[in-house]
Amino acid sequence: MTKAEIQQVKQRFGIIGNTEALSRAIDVAIQVAPTDLSVLITGESGVGKESFPQIIHQYSRRKHGQYIAVNCGAIPEGTIDSELFGHEKGAFTGAIGERKGYFGEADGGTIFLDEVGELPLPTQARLLRVLESGEFIKVGSSKVQKTDVRIVAATNVNLTQAIAEGRFREDLYYRLNTVPIQIPPLRERGDDVWLLFRKFAADFAEKYRMPAIQLTEDAKKELVAYPWPGNVRQLKNITEQISIIETNREITAAILRTYLPVQNTQRLPALFGTRESKGFESEREILYSVLFDMRQEVAELKKMVHNMMAERAGQVGQMGQVVATPVVTTTHQPSVPAIIHAVQPSVCPKEDDDDIQDTEEYVEETLSLDEVEKEMIRKALERHHGKRKSAAKDLNISERTLYRKIKEYELD
Ligand SMILES: Nc1ncnc2c1ncn2[C@@H]1O[C@H](COP(=O)(O)OP(=O)(O)OP(=O)(O)O)[C@@H](O)[C@H]1O
Ligand SMILES: [Mg+2]
């Protein structure tokens, strides 16, 4: 494909950026579109994977057929087979009528399986069968049905790791991954960051009827150097925040910095899910991480002030008498409250700090990640009157993850 043709595709699908890796990904999508090969789109959260299955569908002979996007992580395990493959009337309690299912509906079209790594193993087996023979069986039926569906899948988790952990079928992985398309993270796209910022700033200026925000030279450098753990989604959100909040439309590096979560958030564990390699699923996670970081800093500061005051009063060594909790120690031995051990070592206060004086307040301020998470889930459930679907949406996690967490924290 010529550069001009790729440029045309970018324009049509609203894709900004000139990085070679991004153009190559678009080129592969266009080349593979007319075939019926399965395509697996990989890339960190927020890199822009969602445009690709649409490009593939639009440039294929199926473009007049159905395009169905399914978020595999959002459908509860109990109903996913019926949603994908349909069910017969009376197949299970509540199956009042029959259902065609997406694979039946999309006959002659394309199905985009987003977050494919979230599919339960039995569904993976059914999917493999459709991919290999175009055959599937509705839930509660014994009749084999045929469908002609093109599959494009996407994931932001490392599927090879999921295979190693027995959560994803290897044969299905190879079948889906016939043509891999990798979308590069934003931090590897150089000046594209700046182009994207300009585009988003212009869009938000129009949306909010205000002049577009501009960056000083220093701010521009800062923007390009920032690692963007939440990728384009994060950049878009930050540009929107600045567009709304800052009355002075010229943004300096110092101002910009106040909007960028501290860079060491990258070391923090993702709060939801156990897939550490996955990075941040949403701005919410980034915010949690920043919040957590701030808690740590506040705790450290309080501790310092506390120690200084105690020193002044000549009370060092006797603080155990000031506050008494089971985790408080009165000695100068290295001491970290039990609760802190629940936190990843990288975010723990240094254990070899001889002069740590644990106080009740300090313990409170250093709530473990688990507790923050539990509290967020409890509050979301409360807000949505126990409706798990809405709470999961609010928390930006899959319903299945929410079910698991509710069990884990005994919130039901
Ligand atoms: N190159 C781009 N040009 C313009 N907008 C983009 C680009 N890439 C991503 N975006 C925008 O960034 C946001 C996030 O993109 P998208 O939803 O496709 O991410 P994703 O890769 O599917 O992430 P996740 O794995 O979390 O689902 C969207 O609003 C999208 O329009
Ligand atoms: Mg997505």
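Quick caveat, the model's predicted, so the values are computed rather than measured. Whatever order the structure lists them in is the order used to number ligands and atoms, beginning at 1.
Ring orientation note: the planes of Phe103 and Phe136 are tilted relative to one another, at an angle of 30° to 60°. Using a 30° and 60° split on the angle between ring planes, Phe204 and Tyr208 fall in the parallel class, below 30°. A parallel orientation is assigned to the rings of Tyr67 and Phe112, their planes being inclined by less than 30° (bins at 30° and 60°).
The contact set between ligand 1 and Glu50, taken as ligand atoms under 4.0 Å from a residue heavy atom, comprises 17 (O), 18 (O), 22 (O), 27 (O). Near Gly48, the atoms of ligand 1 lying under 4.0 angstrom from a non-hydrogen atom of the residue are 8 (N), 9 (C), 15 (O), 16 (P), 18 (O), 19 (O), 20 (P), 21 (O). Atoms of ligand 1 found under 4.0 Å from any heavy atom of Asn156 (numbered from 1 in listed order, with element): 24 (P), 25 (O), 26 (O). In the vicinity of Ile16, heavy-atom distances shorter than 4.0 Å reach the ligand 1 atoms 1 (N), 2 (C), 3 (N), 4 (C). Within the listing of ligand 1, atoms 2 (C), 3 (N), 4 (C) sit less than 4.0 angstrom from a heavy atom of Leu196. Near Ile15, with a cut-off below 4.0 Å to any heavy atom, the atoms of ligand 1 are 1 (N), 3 (N).
Remark: ligand 1 and Ser45 share an N or O pair separated by less than 3.5 Å (distance only, no angle test). Backbone and side-chain nitrogen or oxygen atoms of Asp114 are examined, and none is located within less than 3.5 angstrom of a nitrogen or oxygen of ligand 1.
Residue Arg150 holds its CZ atom at 4.5 Å from OG1 of Thr35, rounded to the nearest 0.5 Å. Between the CG atom of Leu223 and the CZ atom of Arg198 there is a distance of 12.0 Å, given to the nearest 0.5 Å.
Contacts between Glu115 and ligand 1 below 4.0 angstrom, taking non-hydrogen atoms only, are absent altogether. At a heavy-atom distance under 4.0 Å, only side-chain atoms of Phe200, from C-beta outward, approach ligand 1.
The existence of a salt bridge linking Asp203 and Lys236 is excluded, since no basic side-chain nitrogen approaches an acidic carboxylate oxygen closer than 4.0 Å.
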Worked verdict on Ser82 versus Arg99 for side-chain hydrogen bond (donor to acceptor under 3.5 Å, both in side chains): CA-CA 8 Å; Ser82 128; Arg99 182 190 181 122; 4.7 Å; no

Chi angles and distances behind the side-chain hydrogen bond (donor to acceptor under 3.5 Å, both in side chains) call for Gln31, Asp27: CA-CA 6 Å; Gln31 301 300 335; Asp27 194 12; 3.0 Å; yes

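Considering each of Gly46, Ser51, Gly73, the one bringing a non-hydrogen atom nearest atom 23 (O) of ligand 1 is Gly46.
For the ligand labelled ligand 1, residue Gly14 lies inside the 4.0 Å heavy-atom shell.
Residue Glu50: an N/O/S atom is found under 2.8 Å from the Mg ion (ligand 2).
Between Glu98 and the options Lys138, Lys89, Lys143, a salt bridge (Lys or Arg N to Asp or Glu O under 4.0 Å) holds for only Lys138.
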